[in-house]
Amino acid sequence: MIKFLNLKEINLRHRDELMQAMADVLDSGFYVRGQQYKAFCEEFAAYCGTDHAVGVANGLDALEVAIQALDLPPDSEIIVPANTYIASVLAISNCGFTPVLVEPDEKTYNLDPEKLAQALTPKTKAILVVHLYGRAADMVAINAFAKKNDLFVIEDCAQAHGAEIDGRRVGNWSDIAAFSFYPGKNLGALGDGGAIATNNPEFARKISSLSNYGSFQKYVNEVKGRNSRLDELQAAILRVKLKYLDEDNEKRRIIAETYAKKISNPLITIPQLPDNRLSAVWHLYVIRTPEREALQSHLDQAGIQTLCHYPIPPHQQKAYAELLHLSLPLTESIHQEVLSLPMDPTMTHEDVESVVDAVNAFKI
């Protein structure tokens, strides 16, 4: 079986370094917001090109705390892609604001800047941009629209660690940016974790407080915060893996480019390669076909594991019954047809060729 993502193999490549990092934490006797945490925040901020990074417990917390730090009016609306994972939408509603769903660009699956104007109302205060599947959104156009309309820009970078636009990494194209370090991410911990990046010192201060019970000084609470802290163990693990992130992203690009060059089945729609190859880090390689169930069964029988990201769009989830009236035909079509092929930096050339051959052999 060619696994969709072989997390065990990915992490075992760095076993000795990871074991030493964990031993260092154990020996330190300090397990929350210690030296490993501080070092990782500095190193991750430097990697993103931002002035600040604050570690939190997970990606959803990163989004929520980032939104909270903006201090938006209570009745605010936030524009968000309709075809994103539900976490992006949950973060908005969990903070008490209204998500306004906008259809994507069908070529990139990212937020379509041309459709922003139709979603704009007097209550719109921010745009939450998702770099879906690891491909950077059109931040130049989105930022221009935001500046013209006095809107905050939030980046959801959970799937795009290291993607670049004109030499500038995602996370550094907005007022504030959220990252997830869930184990399956391009930069994954050995458990949950997240971070928020920003160039705004006041936002950084608020984030640090909001994620620590609303406190800078023990037992002195300035605001109603939460307990959402990246622990020392995960910080130490992430410091090891950050060193190899660019190398792994390049391996992902090579796999994606091989898929794009060699998959030729007319029943399959493959993603377009970006003009700037560094703008995509291929967290997922997502193809489309109306025959998804048959293709997935065919590939399973060929020993190839695939996943569906994501079968039900947010507005059709029971949790968002208030959005069921929305008609978002492109989003709905995408969610009915998408299938993710194996994308793993430990895949061999033979693995990739086997996936290509199996996809090309599919017929109905």
Side-chain angles (χ1 to χ4, degrees), residues 58-64 66-68 70 72-135 137-138 142 145-146 149 151-160 178 180 182 269 271 283-284 286-290 292-293 296 307-340:
N58 56 67
L60 179 56
D61 278 4
L63 284 167
E64 290 184 12
I67 292 170
Q68 285 180 290
L70 300 178
L72 302 178
D75 61 348
S76 294
E77 296 176 351
I78 299 178
I79 293 171
V80 63
N83 62 314
T84 185
Y85 180 54
I86 198 170
S88 309
V89 185
L90 282 172
I92 297 170
S93 55
N94 286 353
C95 289
F97 304 125
T98 301
V100 177
L101 277 56
V102 173
E103 293 262 60
D105 179 337
E106 191 169 11
K107 294 180 181 178
T108 66
Y109 303 120
N110 279 327
L111 192 62
D112 187 346
E114 297 298 320
K115 296 173 183 170
L116 291 173
Q118 66 195 46
L120 189 67
T121 77
K123 294 182 178 181
T124 307
K125 300 302 177 186
I127 304 171
L128 198 165
V129 183
V130 182
H131 303 296
L132 197 64
Y133 307 150
R135 182 173 185 146
D138 186 352
I142 291 168
F145 179 88
N149 294 283
L151 306 176
F152 287 111
V153 176
I154 309 156
E155 288 176 272
D156 181 344
C157 304
Q159 299 185 0
S180 168
Y182 183 76
T269 299
H283 173 62
L284 301 172
V286 180
I287 61 175
R288 287 177 63 185
T289 177
R292 178 173 68 193
E293 185 175 338
Q296 190 166 30
L307 293 178
C308 180
H309 298 85
Y310 306 96
I312 305 173
H315 73 284
Q316 293 185 333
Q317 297 280 0
K318 185 178 180 180
Y320 280 102
E322 69 272 22
L323 300 179
L324 283 174
H325 68 282
L326 293 177
S327 176
L328 298 164
L330 177 54
T331 291
E332 291 159 17
S333 173
I334 288 170
H335 283 254
Q336 290 166 6
E337 297 181 354
V338 290
L339 188 67
S340 301

Next on the checklist: Side chains of Val286 and Pro271, heavy atoms from C-beta outward: is any pair under 4.5 Å?
Outcome noted: no
Item to check | Check: Ile92 and Ile67 side chains under 4.5 Å, non-hydrogen atoms | outcome: yes
Checklist entry - What pairs meet the ring pair (Phe, Tyr, Trp, His ring centres under 6.0 Å) rule with one or both residues in residues 76-134, with sequence neighbours excluded? => result Tyr85-Tyr310, Tyr109-Tyr133
Checklist entry - So how far is it from Leu284 CG to Ile287 CD1, rounded to the nearest 0.5 Å? => result 12.0 Å
Checklist entry - Any side-chain heavy-atom pair from Leu151 and Leu120 closer than 4.5 angstrom? => result yes
Checklist entry - With side chains defined as the heavy atoms from C-beta onward, is the minimum distance between Pro313 and Leu328 less than 4.5 Å? => result no
Checklist entry - Excluding sequence neighbours, so at least two apart, what forms side-chain hydrogen bond (donor to acceptor under 3.5 Å, both in side chains) with Asn94? => result Glu64
Item to check | Under the side-chain hydrogen bond (donor to acceptor under 3.5 Å, both in side chains) test, residues paired with Tyr320 that sit two or more places apart | outcome: Ser93
Item to check | Pair listing, side chain to side chain donor-acceptor pair (under 3.5 Å) test, anchored in residues 322-332, at least two apart | outcome: Glu103-Thr331, His315-Glu332
Item to check | Contact check, side chains of Asp112 and Val102, non-hydrogen atoms, under 4.5 Å | outcome: no
Next on the checklist: In the structure I gave you, are the side-chain heavy atoms of Leu70 and Ile154 within less than 4.5 Å of one another anywhere?
Outcome noted: yes
Checklist outcome for this item: CD of Gln159 to CG of Leu132, rounded to nearest 0.5 Å, is 5.0 Å
Checklist entry - With side chains defined as the heavy atoms from C-beta onward, is the minimum distance between Asn149 and Thr124 less than 4.5 Å? => result no
Checklist entry - Atom CG in Leu60, atom CG in Leu90: separation rounded to 0.5 Å? => result 6.0 Å
Checklist entry - With sequence neighbours left out, what residues match Ser340 under side-chain hydrogen bond (donor to acceptor under 3.5 Å, both in side chains)? => result His309
Checklist entry - Just how far is it from atom NZ of Lys123 to atom OG1 of Thr98, taken to the nearest 0.5 Å? => result 7.0 Å
Checklist entry - Would you call Glu106 and Thr269 a side-chain contact if the rule is heavy atoms closer than 4.5 Å? => result no
Checklist entry - Who are the salt bridge (Lys or Arg N to Asp or Glu O under 4.0 Å) partners of Asp138, not counting sequence neighbours? => result none
Checklist entry - Where do Arg288 and Glu337 land on the salt bridge (Lys or Arg N to Asp or Glu O under 4.0 Å) test, with the steps shown first? => result CA-CA 5 Å; Arg288 287 177 63 185; Glu337 297 181 354; 3.0 Å; yes
